[in-house]
Amino acid sequence: MASSTKMFALVDCNNFYVSCERAFQPALRQVPVVVLSNNDGCVISRSAEAKALGLKMGEPLFQARSLIEQHQVHVFSSNYALYGDMSHRVMSYLASQAPEMEIYSIDEAFLSLHGMGLLQPSLEGYAQQLRAQVLQRTHIPTCVGVAPTKTLAKLANRVAKKDARLDGVCHLDTDARRLWALEQVAVEDVWGVGRQYATKLHALGITTAAALARCSEAMARKHLGGVVGARLVRELQGSPCHRLAPSEDGTLKRQSIACTRTFGKPLTDFEDVMSAVAAFASRAAEKLRRQESAANVLTVFLSQNRFGPTPPPHTRSAQVTLALATSSTPELVRVARALLGRLWQPGLRYVKAGVVLDGFEVGEQKQLSLFTPDDSERAERLMQKLDALNARFGKNSVQVATALGAAGKQPGVWKGQQQCRTPAYTTDWNQLWTISC
DNA sequence: TCTGGGGTCCTAGGACCC
DNA sequence: TCTGGGGTCCTAGGACCC
C-alpha cells in the first residue's frame, strides 16, 4: 500500500446526541448522560460514563430506570431539530476540507483523501487537525479512521475509539497495521456483519475480523449473502469495492420515503388513528415534494403491540398503486384513508402506524396526465403555496383538517411524551440559548 | 403500565415472452 | 411414457446500516 493509494477517512462523532446536549450544557461533561428515542422509549445515545455503568444501546427506559436512578444519570428526550442543525455544522466544515465527501448518517461522513497525501505532510496530522477544528467549532468530539477501503476505514475508526493510545486517529497505511487492526476487532463488529451473519460466522469458527479477511471468496459468497459477502471480504483485504455514494449538497433523491410513529398510548378509535395517518401522509408528501418527486405507490401499515399477548403477525399493511403519480397532500391523505379503512378492525388496540411512499417518478419523467391537466396543475400550485406558508410561519401552520383529528377532540391524541427535551437552541428564535451574567 | 424511526441493497422465484 | 431454453421484469422478503 503505497502512500499514493486512494484513501478514505471515516469521521464519526462520539456519542453524537449526548455530545450535542453537552455542547450547550458544559456541566454535563464527565457525568453519565443518555438520550432517549421517540416517546422516551429506549436509550439511543450514551456517554462513556453511562456505558461504563452498564446501560445498553436500545435498552427500554423502564428496564434501565433503576440503574439510571441509582447513579443519577442525566436523561434527555431526543431533540432532532438540535441534532440536525449540529450535524449540518459538522458536515459543512468537513466538506470544506476534502475534495469529496459522503454524508453517511447524521453523525458520520466518509471523505475521499485522493491526492491529499501530496498536499499534507502526513494524513495522521490532517486527521488530527480535522478533529481539533470540529471540536473547536461545534464542541463535538470525533474519531477518525483512515484506510484504503470504506470497510477498513470503519474498522480503523472503531479501533481509534477503543484504543486510547491512538488519540482518536487510526491510520492503516501499511499491511502490518491493517493486519494488526483486523486482530483488534470482533467479527460481529465489522461493518456489514449483523446478528444473523455473526451467528453463522461464529458457528464456522470465525470470530475476528482478521479471520474473516482470510476467508475464501466462495466461503463468503456461500454464507454472507452472495456478492455482498464477497465484497465485504475483499474490502477487508484492502481492495476497494465501494466508492463514495452521492449524498452531499442536498440533491440526493430517496427511493422511498416513510413516516411512521409509535403512538403515545394504544388507540382504539378510527378517527384518532386516521388523524395520525393523515399527519404521517402529510409529512411524507412534504419530503416527497422537497426532492421534486411524485409517488406511484402508497402503503399504510398498522401495528398492535408486538410485546403483548397477541400472537403474530402484529403488523398488517395495505398498498395501492396509483393510476397517476402524485405529491399532493390531500390526494395522498384521501388514498391513505381508504387504505386504513381496509386495514381497520374494530376492538383492537393499535400502538403504531406508518405511511410509506414508493415508486417515484422524477422531474421531467413524470407521466403526463391524459385527463385533467388543469386539476393536477392546480393541485401542484396549491402545494407550492402550502409549502411556502409552512416554511414562513413554521411547520404545520397549514395542514389538512384530517390531521387535526375529529372536531371537538384534542388534536394530536396519538402523540407521545417528550418529558425531558432541551430547547431547540440553534433553530428557533424563541428557544435561543441564554447566558445569564 | 412502559420497548424508535428511516433507509439501502441483493436474491430467489414467478410471470411472461419468443 | 415423452413436455425446451434463455431472457427480462417484477415483487416479496431477508439481510444490513445508522
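Chain letters run A, B, ... following the sequence lines, proteins first, then strands; residues in each count from 1. It should be emphasised that the depicted structure is a prediction, and the values quoted were computed from it without experimental measurement.
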Taking OP1 and OP2 of B/dG5, is either one under 4.0 Å from a side-chain nitrogen or oxygen of A/Asn38?
yes
Would you say A/Thr260 places a side-chain N or O within less than 4.0 Å of OP1 or OP2 belonging to B/dG5?
no
Between A/Phe263 (CZ) and B/dG5 (P), how many Å, whole number?
10 Å
Could you check how far CD of A/Glu188 sits from P of C/dC16, rounded to whole Å?
12 Å
Could you check whether A/Asp107 gets within reach of a base, just the sugar-phosphate, or nothing at all, counting any heavy atom under 4.0 Å?
sugar-phosphate
Would you mind reading off the distance between A/Tyr17 atom OH and B/dG4 atom P, rounded to a whole angstrom?
15 Å
Given atom CG of A/Leu10 and atom P of C/dC17, what is their separation to the nearest angstrom?
14 Å
With a 4.0 Å cutoff (strictly under), does any side-chain N or O of A/Lys352 reach OP1 or OP2 of B/dT3?
no
What I want to check is whether the side chains of A/Glu49 and A/His71 have a donor and an acceptor closer together than 3.5 Å.
no
Base paired to B/dC18 (Watson-Crick or G-U; both N/O distances under 3.5 angstrom):
C/dG5
Ring-plane angle category for A/Phe110 and A/Phe8, please: parallel below 30°, perpendicular beyond 60°, tilted otherwise.
perpendicular
Report the relative orientation of the aromatic rings in A/Phe280 and A/Trp414; use parallel for angles under 30°, tilted for 30 to 60°, perpendicular for over 60°.
perpendicular
Please tell me if A/Arg65 has a side-chain N or O lying less than 4.0 Å from either OP1 or OP2 of B/dT3.
no
Whether A/Ser78 contacts B/dG4 is assessed here as follows: a side-chain N or O lying under 4.0 Å from the phosphate OP1 or OP2. Is that the case?
no
Spacing of the C1' atoms in C/dG4 and B/dC16 (rounded, Å):
16 Å
Between A/Thr329 and A/Arg289, is any side-chain donor less than 3.5 angstrom from a side-chain acceptor?
yes
How do A/Val227 and A/Val351 order along DNA chain B: which one's closest nucleotide is nearer the 5' end?
A/Val351
Separation of A/Glu235 atom CD from C/dC16 atom P, in whole Å?
17 Å
Verify the stacking flag for A/Tyr197 against C/dC16: centroid separation must be under 5.5 angstrom and the ring planes must differ by under 30 degrees.
no
So does A/His88 have more than 12 non-hydrogen atoms from other groups sitting under 6.0 Å from NE2?
no
Return no unless some side-chain N or O of A/Lys154 is found under 4.0 Å from OP1 or OP2 of C/dC18.
yes
Using atom CD of A/Gln63 as one end and atom P of B/dT1 as the other, report the distance to the nearest whole Å.
12 Å
Looking at B/dG5, I'd like to know if its phosphate oxygens (OP1 or OP2) sit under 4.0 Å from a side-chain N or O belonging to A/Thr262.
yes
From C-beta outward on A/Val228, which listed nucleotide comes closest to its side chain: B/dC9, B/dG6, B/dC10?
B/dC10
Report which part of the nucleic acid A/Glu59 touches: base, sugar-phosphate, or nothing (heavy-atom distance under 4.0 Å, all strands).
nothing
Between B/dC2 and A/Gln417, is there an OP1 or OP2 to side-chain N/O distance shorter than 4.0 Å?
no
Separation of atom OH in A/Tyr104 from atom P in C/dC17, rounded to whole Å:
8 Å
Along DNA chain B (nearest heavy atom to each residue), the more 5'-positioned of A/Tyr80 and A/Gly226:
A/Tyr80
OP1 or OP2 of B/dG6 sitting under 4.0 Å from any side-chain N/O of A/Arg261?
yes
Which value, rounded to the nearest 0.5 Å, describes the distance between A/Ile44 atom CD1 and A/Tyr17 atom OH?
5.5 Å
Separation of B/dG4 atom C1' from A/Phe280 atom CZ, nearest Å, is 12 Å
